[in-house]
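Below is one structure, written out as structure tokens, with a few remarks after it.
Here the structure is a predicted model, which means the values were calculated and not measured. Letters A, B, ... are given to chains in the order of the sequence lines, protein chains preceding strands, and every chain is numbered from 1.
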Protein chains: 2
Amino acid sequence: MRTPQAPIATPPSDPKGTVESQSTSGGHSVRTRSQHQRRKRIVQAAAALASRGGVEAMQMRTVAERAGVALGTLYRYFPSKMDLVVAVVGEEIDLLESSIERRPPSASTPAGRAVDVLMRATRGLMREPELADALIRSLIMAEVDTPFGERMTGLLLRVSADGLTRERATEVQLDLAGSLSSVWVQELLEMLRGRRTYEQIQRRIDLAADRLVNDL
Amino acid sequence: MRTPQAPIATPPSDPKGTVESQSTSGGHSVRTRSQHQRRKRIVQAAAALASRGGVEAMQMRTVAERAGVALGTLYRYFPSKMDLVVAVVGEEIDLLESSIERRPPSASTPAGRAVDVLMRATRGLMREPELADALIRSLIMAEVDTPFGERMTGLLLRVSADGLTRERATEVQLDLAGSLSSVWVQELLEMLRGRRTYEQIQRRIDLAADRLVNDL
DNA sequence: CCGCAAACTAGAACAGATTCTAATCTGTGT
DNA sequence: ACACAGATTAGAATCTGTTCTAGTTTGCGG
């Protein structure tokens, strides 16, 4: 019975999401420490299971067991399975981001770089269809604010607008990034339904990018 | 445990979906008669529940009860809840189609007529957000071939290509219809997340249609 | 009217997500 | 070291989709 508002997973009793520093200073509510470990173990276990049998194989009991925490604890960290899925998906994006840092897209035009990123993500997802499935579903179904669409759009924005963050991008750039990631999601869906090959997706993303560029 | 292939709901033991005629002739397997009634009662009950609390309120036990059939029977007609949702959604499209027959879109350009249809559908959906939610989700999640996307695309095709059926439409027209309904779905999603108003959707659909037209 | 296969029914059973409980553990302030 | 709040745990309990069972009903061919 999903309640309208389900806060995203953060170590227990952490008002804002910004827990990082404080080593010996005036802490007062955050248990940070083994909790980060625990959270990591959980997401790891979940990811491992998901990359096998997909979301189905990622059963809450099993995740808890593998992560070595009680079911109740798992639920304290992730109020619903969807939240956990979203977290796993987040990890995946981290990977993509660091991959892009390591080897930035080389295309010369903004749209080209955006396409490059999307196709790289596509290849990554094709390697683990089960996870891709979970990702797409979570992306679309999430009632909570999906961090995924936002992040992917931001990512596209950065590579296409070359270092700009969302706030500084022009409306036009935002539109490019947003539209492209929309199209991409649609294509991924089709792929999951077995109606697209990698090549087809590439062609269509290219096409969409071209169109957008012409429109601007 | 969703098995890969879940046939869409049709009165029991009905090989092809084309059951209509035969009144006294060589029938042999179809029980048609009260079964159509039963099916209708089920979908009706389901729709009623869904238009209240959404998919969540549409519990299989409750649906069966309200429809006056046993749970097992419900499952005989609709092998999974998703199938039932799809059926309910189908009803909704029927409504849209007949509405369009009654009062065809008046715009002068093909794209204009397509936009007209989409916006009419949008208004209808906004009236029952819970159902809209169910619709969109089912549309996107369905593992079975979603009849929804197909039907909506076909509908757009008919109004935009003015009487042509799918087979006769040019690739270009197909693309128009397909792209528009993609965009529309995305916009509806945003609306459900509270990030779009009717006006915004209208503006964006218009824009998308314009773009497409220019591309053709 | 008879017999049979398919459809239907009531209800138990099962599965996995989510919630709840009672007891224990941990970290922090005093 | 002591006390307390919040975190964790094991496990029972609940909820809802889905499956299964055994018995009954229905419609049709003979």
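Put simply, OH on A:Y75 is 17 Å from C1' on C:dT21, counting in whole angstrom units. To the nearest angstrom, P of D:dT18 lies 9 Å from CE of B:M82. A:E56 places its CD atom 13 Å from the C1' atom of D:dG17, with the value rounded to the nearest Å. One interatomic measurement links the two molecules: CG of B:L84 to P of D:dT18, which rounds to 10 Å at whole-angstrom precision. The nearest whole Å value for the distance from the CZ atom in B:R76 to the C1' atom in D:dT24 is 14 Å. Between the CZ atom of A:R61 and the C1' atom of C:dT18 there is a distance of 9 Å, rounded to whole Å.
Among the nucleotides D:dT18, C:dG16, C:dC8, the one closest to the side chain of B:K81 is D:dT18. When distances run from any side-chain atom of B:S80 to the nucleotides C:dA17, C:dT9, D:dT18, the shortest one goes to D:dT18.
Counting only distance, with no hydrogens or angles, the side chain of B:E91 and the backbone of B:V88 share no donor-acceptor pair below 3.5 Å. Judged by distance alone, the side chain of B:T122 and the main-chain N or O of B:L118 form a donor-acceptor pair under 3.5 Å.
Phosphate contact (OP1/OP2 of D:dT8, side-chain N/O of A:Q35, threshold under 4.0 Å): present. Taking side-chain N and O atoms only, A:T73 has a distance below 4.0 Å to OP1 or OP2 of D:dT9.
A salt bridge links A:E97 with A:R158: the distance from a Lys NZ or Arg NE/NH1/NH2 to an Asp or Glu carboxylate oxygen falls below 4.0 Å.
Within 4.0 Å (heavy atoms only), A:R38 reaches sugar-phosphate atoms of the nucleic acid but no base atom.
Side-chain contact, A:S99 with A:R120: a donor N or O sits under 3.5 Å from an acceptor N or O.
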